[in-house]
2 protein chains.
Amino acid sequence: MAGIRDVARLAGVSQATASRALSGKGSVSARAREAVAAAASELGFVMSYHASSLASGRSHNIGVVLPFVNRWYFATLLEGANSALMDAGYDLTLYDFQGDRYRESVLGDFLLRKRLDGVLAVSLQLNAHETEQILAAGIPVVGVGGPLPGIPTLRIDDVEVGRRATNHLISLGHSRVAHLGGEHELGRNFEISSGRRAGYEEAMAEAGLPLREAWSLISDYSANDAYKETKQLLADAEERPTAIFCASDEMAFGAILAARDLGLRIPEELSVIGVDGHEMGEILGLTTIDQFPRNQGTRAVERLLALVQDDGGAAGPADELMETRLVVRSSTSAPRIPAGHSGS
Amino acid sequence: MAGIRDVARLAGVSQATASRALSGKGSVSARAREAVAAAASELGFVMSYHASSLASGRSHNIGVVLPFVNRWYFATLLEGANSALMDAGYDLTLYDFQGDRYRESVLGDFLLRKRLDGVLAVSLQLNAHETEQILAAGIPVVGVGGPLPGIPTLRIDDVEVGRRATNHLISLGHSRVAHLGGEHELGRNFEISSGRRAGYEEAMAEAGLPLREAWSLISDYSANDAYKETKQLLADAEERPTAIFCASDEMAFGAILAARDLGLRIPEELSVIGVDGHEMGEILGLTTIDQFPRNQGTRAVERLLALVQDDGGAAGPADELMETRLVVRSSTSAPRIPAGHSGS
DNA sequence: GCCAAAAATGGAACAGCTTCCATCCAGTAT
DNA sequence: ATACTGGATGGAAGCTGTTCCATTTTTGGC
């Protein structure tokens, strides 16, 4: 295996110059640069990543920490982050908590091995100790879906999302609106679930509409669980809501399928709105609030790389709000309870 | 930052002994081991990953290469791989081709930077040059969904899967069976698509059933594309098949939704079978051939780590077949064309 | 107790690149 | 011409562990 020494020798320059020529840092004459490039390609030289990292202190490697890689939102955000990192020539080291299964080992062991230039923490709720631990490692961190105290964070306004979704339903004439939200459990993406729920409750209150205990459901964000919850919710025709706001598109899929299986027509007998912007929403006609997760991933990487490269310089806003957009499709409409059903 | 030298000094041993004590390799007395451990924890010592990798040549880092992170099969397999790697104390570096967008940079640049102990290549079709390039890098590779020439591979018997799915439909009494498969494009997971299609064709031929050009569809494996294809397929009532075998569950979802939107009842008017084992299949009642992707991920890592740790020792079978299972739900039944429709 | 074998230990040579610092040199201002 | 400036270059000291090899200490069998 050819080393940079060999390249330098073949190019007739010093090792120092060869290093500068290859990295592009420092000043090198055009002649030397070309000689080095020629020598490197002739020898098939590939720089040792480890040696380079050890000497320079930079690894060109970013860690991405997320709770699930197998949910649409996270996978799509990851894709965006991957793009941005590839384009910048960085490697992406993936840490998938898988719920909470690897939470401890990631936070306790993996992240601290000082091999990363930065960390992207997605939907991560850290306690004080964990935050301290990470910050103590001294590497830049950017969060998505926080806020994480002391860490610059990218997020959408979840309360606003909840309001907007709910208001969409209310403005169509619905008064019996249910909400299917995510888990409350702390340590998870608590803020997100509770934010959307708060927006729902605010919108209902503002419109003077009643909140019913039975219309406020909790699921694990999966379509299957949402299906079960929705089926229960809709079982009693008398107590049935005319619309349901789901905190994610995958949950909305479950809700739609549950309604169909009960023989309810959408949107005539039940309007459904989700959050995310899942592609499959197109073929289900799902009205949703698109949050452009891919975009969140690339933007988060931009922010993070700025921190990494500016070496702790100015950070931009501590809390950056990302755009969302209401996409109206055919799963929402004014309530049109068919004849034969009794209203409220 | 404390280095191993500091630890050694505090523990009153040589650097060499400290290293052995910390890594567990080589023989160290219990006394020394404890002294080193105590010193390390007192100093809050964290080993430098880069220095360690440079000196030892091992990075405890595995690269996972896949064409999409945002499709259920790949995300689930990745989750399995992640588990196995976490448990073994390895990092996972993710390379997502995103179709073919990053194919070249991954294969040409990223993989060759000799920073990985091994590579897991999922659904990767390599040409001769690429294979050579990767093998030349000298790091162990295990493939999933090959076969990749010269590389140990884990896969399911796609031809058999195609036959089994098709025979399930035939045995229910269907004779008008369509197939919705994946792309043919080379460089992609060509073998998989063509294997399942071959199985379909074989089964049809064995049963003496006709293959129709119009019943052999191609999509990009996504639900949305499958939806469109299926809608076209089913448009003409006269030429309509009574059953459709989809090469993935996500495609099957699209097919089911398309059929529903056309007012066709499932399974009475159209039976649908998929491949994968997607959880959402439960609420759609999808009959499928489960291929346990999570399990494929963990098994592939096992194989790879064996190669990595045995340092090129015995490899196990070059081509390992993974298990699949037919899961019958409510999307398939005997054809029961309702009155008013004309048969064949 | 004695000797061979095994275990434990330390010194020092790496692993392969980056970068500080001093030096050299060509171009420019005076 | 002379002094000055800044680019280009090379020498060598890191960066931080790992591991070979030789040496010393233990251990176990008789």
Side-chain angles (χ1 to χ4, degrees), chain A residues 1-37 39-40 43-61 89 112-117 137-139 309 311, chain B residues 1-37 39-40 43-61 89 112-117 137-139 309 311:
Chain A
M1 279 279 120
I4 203 173
R5 283 177 172 79
D6 305 302
V7 173
R9 195 175 311 129
L10 180 57
V13 300
S14 73
Q15 205 186 135
T17 298
S19 173
R20 281 186 288 250
L22 289 168
S23 71
K25 318 238 173 212
S27 49
V28 184
S29 66
R31 195 167 42 75
R33 191 187 321 282
E34 281 154 25
V36 169
L43 295 175
F45 171 72
V46 180
M47 180 124 68
S48 160
Y49 168 79
H50 298 301
S52 171
S53 300
L54 175 58
S56 70
R58 305 215 151 293
S59 62
H60 277 238
N61 196 181
L112 303 181
R113 292 186 196 165
K114 36 180 166 172
R115 82 189 70 184
L116 302 170
D117 287 348
I139 64 177
Q309 286 159 358
D311 206 19
Chain B
M1 280 277 121
I4 203 174
R5 284 176 167 79
D6 306 302
V7 173
R9 196 174 312 128
L10 181 58
V13 300
S14 73
Q15 201 186 137
T17 298
S19 173
R20 281 185 289 250
L22 289 167
S23 71
K25 317 238 172 209
S27 49
V28 184
S29 66
R31 194 168 43 75
R33 190 187 323 281
E34 282 154 25
V36 169
L43 295 175
F45 171 71
V46 180
M47 181 123 71
S48 160
Y49 169 79
H50 298 302
S52 171
S53 299
L54 174 59
S56 70
R58 306 213 150 294
S59 62
H60 277 239
N61 196 181
L112 304 181
R113 293 187 195 165
K114 36 182 166 170
R115 80 186 73 183
L116 302 169
D117 287 349
I139 65 178
Q309 286 160 357
D311 206 19

With a non-hydrogen cut-off below 4.0 angstrom, is [X] in contact with a base, only sugar-phosphate, or nothing?
| X | result |
| --- | --- |
| A/S27 | base |
| B/F45 | sugar-phosphate |
| B/A32 | sugar-phosphate |

Using whole Å, what does the distance between atom [atom2] of nucleotide [N] and atom [atom1] of [X] come to?
| X | N | atom1 | atom2 | value |
| --- | --- | --- | --- | --- |
| A/L54 | D/dG14 | CG | P | 14 Å |
| B/R33 | C/dT9 | CZ | P | 9 Å |
| A/I4 | C/dA15 | CD1 | P | 15 Å |
| A/E34 | D/dA8 | CD | P | 13 Å |
| A/R58 | C/dT19 | CZ | C1' | 14 Å |
| A/R31 | D/dG7 | CZ | C1' | 13 Å |
| B/Q15 | D/dT19 | CD | C1' | 11 Å |
| B/L22 | D/dT16 | CG | P | 16 Å |

Looking only at the side chain of [X] (C-beta and beyond, no hydrogens), which of the listed nucleotides [options] gets closest?
| X | options | value |
| --- | --- | --- |
| A/M47 | D/dT9, C/dT18, D/dT19 | C/dT18 |
| B/T17 | D/dC15, C/dT9, D/dT18 | C/dT9 |
| A/S19 | C/dG16, C/dT18, D/dT9 | C/dT18 |

Considering just the side-chain nitrogens and oxygens of [X], establish if one lies under 4.0 Å of OP1 or OP2 belonging to [N].
| X | N | result |
| --- | --- | --- |
| A/S56 | C/dT18 | no |
| A/S48 | C/dC17 | no |
| A/S29 | D/dA8 | no |

Side chain of A/R20, base of D/dG10: donor and acceptor closer than 3.5 Å?
-> yes
Measure the [atom1]-[atom2] distance between [X] and [Y] for me, rounded to the nearest 0.5 Å.
| X | Y | atom1 | atom2 | result |
| --- | --- | --- | --- | --- |
| B/I4 | B/S19 | CD1 | OG | 4.5 Å |
| A/R58 | A/S56 | CZ | OG | 7.5 Å |
| B/L54 | B/S48 | CG | OG | 9.0 Å |

Fit a plane to each ring of B/Y49 and A/H50, take the angle between them on a 0 to 90° scale, and name the class: parallel (under 30°), tilted (30 to 60°) or perpendicular (over 60°).
->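 Perpendicular, since the angle between the ring planes exceeds 60°.
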Using a 4.5 Å cut-off on heavy atoms from C-beta on, say whether the side chain of A/R9 contacts that of A/D6.
->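 When only atoms from C-beta onward are counted, A/R9 and A/D6 do touch, with a gap below 4.5 Å.
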For B/A16 and for A/A18, locate the closest nucleotide of DNA chain C by heavy-atom distance; then report the residue assigned to the nucleotide nearer the 5' terminus.
->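 Taking each residue's closest nucleotide, the earlier one in sequence belongs to B/A16.
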